[in-house]
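First the structure, in the form of structure tokens, and then the observations on it.
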Amino acid sequence: MIANYKRFLLLSLICLAIVLSLAWLRSRRAVEIAPYPTDKILRSAAIDGIQYKLTNDGNVFRVIDERNTWSWVDRVFDPEQIAREYVKEGDDVFFVDTESDRKYLMLKHFEEGFEDLPVEVAGLRAIIGEQRKWTEFTLQTPKTPRVIDYVALRNRILKENGDFLDAVVEPTQVQSHSGHQSLKCFCPPKSARMVCAKASIGSSFFYFEQGDDVWFHAYFKIDGESRPFTLADIEGRHVKESPGIRLMLFGDGELGAELKAMDKPQYRQASDRRIMFPTDEWVQVTWHLYLHPDDGKLRIWQNDSLVVDAVGPTLPFAGMILNSVEVGISAHSFGNKPTTLFVDDVIVTRSPLKSVVR
């Protein structure tokens, strides 16, 4: 009798699972909607043969061709939040802290030589804040692999006089291109479970939109043969996963760029005239972007040589705002060795840098 009861219970559970599965399938079918009008579509993309649409209300939909419908996938940004947090007054753009109603002027021109700062971890504490306009740093390593881990470390360093664990972002007098100091970024290799490790510094005092020109300039020095993957990122932090565009070194040591969105179009040097990025010496890098989701422009100079001159998408989708600049080892993905990068004389501006424009 007990055996019969167990069989009855098992069959009941199986039936319940089937009923719930059918209900779930019906609910999935129920969220299918009619396609949006064309003027509300910000970006279309095909991934693994499936068409997706991003719309101006921040939603991503999967296209169901056989029924001429769309199925909701995710919401990646909130346009109402962006409208609340950014206010334009003439040619100026302000970020509005919605809790305090305080307004912060977004930068049109920014320079940093890492001078007049304490060295080591005290210098990192001194550089973060409204005065120098750096707003954050990221130390993501096998010891702090998750967002919650490296944010906790950041808080310990800034608020509790904590120290570094392994990765380092600090003003230093060990190396400098000009003056007496530079920024040292040291990053251990990632673990097998990590996508990448990081040791970088960032600022959210920027506002770049479609149609803007962005100029980035810095001197970089890689210490030793272990190269980082990326040197700088310009991102949109209001969008899920912070898409944007990055200045990077490809696996063979070639300087280029990649759009962190869609199918990740890459901007590389011509194969017949590549110039490798050297180590153990200061290298001047200048990067110009004209921001557009389709008809953008991108140029990169290494020292005085124009190594990339390309057209294509430089903005993940129409109307997107890029509001963060990250400098340093924003990703270390190569090999099983640590990497050290020195950074100096950073400039981010909307005006052409005449020293490199010919």
Side-chain angles (χ1 to χ4, degrees), residues 95 97 99-100 102 104 110 112-176 179-206 218 220-224 226 228-233 235 237 241-242 246 323-334 336-344 346:
F95 173 79
D97 184 333
E99 293 185 0
S100 66
R102 185 177 177 187
Y104 298 88
F110 171 80
E112 178 62 80
F114 306 103
E115 302 292 324
D116 304 316
L117 289 163
V119 296
E120 301 179 346
V121 70
L124 179 60
R125 294 190 196 101
I127 202 172
I128 298 295
E130 189 176 355
Q131 182 177 0
R132 303 289 286 237
K133 307 301 183 185
W134 297 102
T135 55
E136 62 188 39
F137 59 90
T138 303
L139 301 170
Q140 185 178 18
T141 73
K143 290 186 177 181
T144 52
R146 302 171 301 167
V147 174
I148 191 173
D149 300 323
Y150 62 74
V151 169
L153 175 61
R154 182 189 301 162
N155 289 333
R156 288 198 300 271
I157 289 173
L158 293 179
K159 300 177 181 179
E160 302 172 16
N161 288 325
D163 207 343
F164 300 119
L165 295 179
D166 46 9
V168 166
V169 175
E170 62 183 13
T172 182
Q173 295 181 353
V174 173
Q175 299 277 355
S176 66
H180 302 286
Q181 297 188 172
S182 67
L183 185 74
K184 176 184 177 182
C185 303
F186 170 82
C187 189
K190 69 181 185 70
S191 68
R193 295 183 177 182
M194 297 173 64
V195 175
C196 67
K198 297 187 177 196
S200 61
I201 191 169
S203 173
S204 296
F205 273 92
F206 294 99
F220 296 99
K221 183 176 183 179
I222 299 171
D223 189 18
S226 179
F229 179 48
T230 59
L231 305 175
D233 290 68
E235 301 176 326
R237 293 294 178 88
E241 303 297 333
S242 300
R246 60 187 172 194
N323 60 356
S324 173
V325 175
E326 186 178 6
V327 180
I329 305 172
S330 52
H332 177 36
S333 308
F334 300 145
N336 57 3
K337 296 181 179 180
T339 185
T340 301
L341 177 72
F342 294 93
V343 186
D344 207 355
V346 175

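Remember, it's a predicted structure, so these values are computed and weren't measured experimentally.
Without hydrogens or angle criteria, Thr135 side chain to Ser204 main chain gives a donor-acceptor distance under 3.5 Å. Of the possible donor and acceptor atoms, none in the side chain of Thr141 sits under 3.5 Å from a partner among the backbone N and O of Pro188. Under a 3.5 Å cut-off, the side chain of Thr339 and the backbone N or O of Ser226 do form a donor-acceptor pair. Judged by distance alone, the side chain of Thr144 and the main-chain N or O of Leu139 form a donor-acceptor pair under 3.5 Å. With hydrogens and angles disregarded, a donor-acceptor distance shorter than 3.5 Å links the side chain of Gln140 to the backbone of Pro145. A donor-acceptor pair is defined here as one N or O able to donate and one able to accept, closer than 3.5 Å; such a pair exists between the side chain of Thr230 and the backbone of Ala331.
How far CZ of Phe229 is from SG of Cys187: 13.5 Å, rounded to the nearest 0.5 Å. Note that CZ of Phe186 and CG of Leu341 are 12.5 Å apart. Values are rounded to the nearest 0.5 Å. The CD atom of Glu115 lies 8.5 Å from the CD atom of Gln173; values are rounded to the nearest 0.5 Å.
For residues 161-170, the set of pairs meeting the salt bridge (charged side-chain N to carboxylate O under 4.0 Å, His left out) definition, not counting sequence neighbours, is empty. Annotation: ring pair (Phe, Tyr, Trp, His ring centres under 6.0 Å) contacts involving residues 113-136, sequence neighbours excluded, comprise Phe110-Trp134. Residue pairs satisfying the salt bridge (charged side-chain N to carboxylate O under 4.0 Å, His left out) criterion with at least one member in residues 122-136, sequence neighbours excluded, are listed as follows: Arg102-Glu130, Glu112-Arg132, Glu136-Arg237.
Pairing each heavy atom of Gly123 with each of Leu117, the nearest pair is O-CD2, 4.3 Å. Lys198 and Ala167 get closest at one heavy-atom pair: O-CB, 4.2 Å. Between Pro228 and Phe334, the closest heavy-atom pair is O-CE1, 3.8 Å. The heavy-atom pair separating Val195 from Lys190 by the smallest distance is O-CD, 3.2 Å. Here the closest heavy-atom approach between residue His332 and residue Lys337 is recorded as NE2-O, 2.8 Å. Across every non-hydrogen atom of Ile329 and Ser200, the tightest pair is O-CB, 3.8 Å.
Summarising the local packing, CD of Glu241 is surrounded by 12 or fewer heavy atoms from other residues, nucleotides or ligands at distances under 6.0 Å.
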> Run the side-chain contact (heavy atoms from CB on, under 4.5 Å) check on Arg154 and Thr138 step by step: do they pass?
Replying inline: CA-CA 7 Å; Arg154 182 189 301 162; Thr138 303; 3.6 Å; yes
>> If you apply the rule side-chain contact (heavy atoms from CB on, under 4.5 Å), what do you find for Asn323 with Phe206, and how did you get there?
In response: CA-CA 5 Å; Asn323 60 356; Phe206 294 99; 5.6 Å; no
> Stepwise, does the side-chain contact (heavy atoms from CB on, under 4.5 Å) test hold for Ile127 with Leu124?
Replying inline: CA-CA 5 Å; Ile127 202 172; Leu124 179 60; 4.3 Å; yes
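The one candidate from Leu165, Leu153, Asp149 that meets the side-chain contact (heavy atoms from CB on, under 4.5 Å) condition with Lys143 is Leu165. Considering Val119, Val174, Thr340 in turn, Thr340 is the only one that fulfils the side-chain contact (heavy atoms from CB on, under 4.5 Å) rule with Lys184.
With contacts defined as side-chain heavy-atom distances shorter than 4.5 Å, the pair Ser324/Ser203 does not qualify. Considering only heavy atoms from C-beta on, Thr172 comes within 4.5 Å of Phe342 through its side chain.
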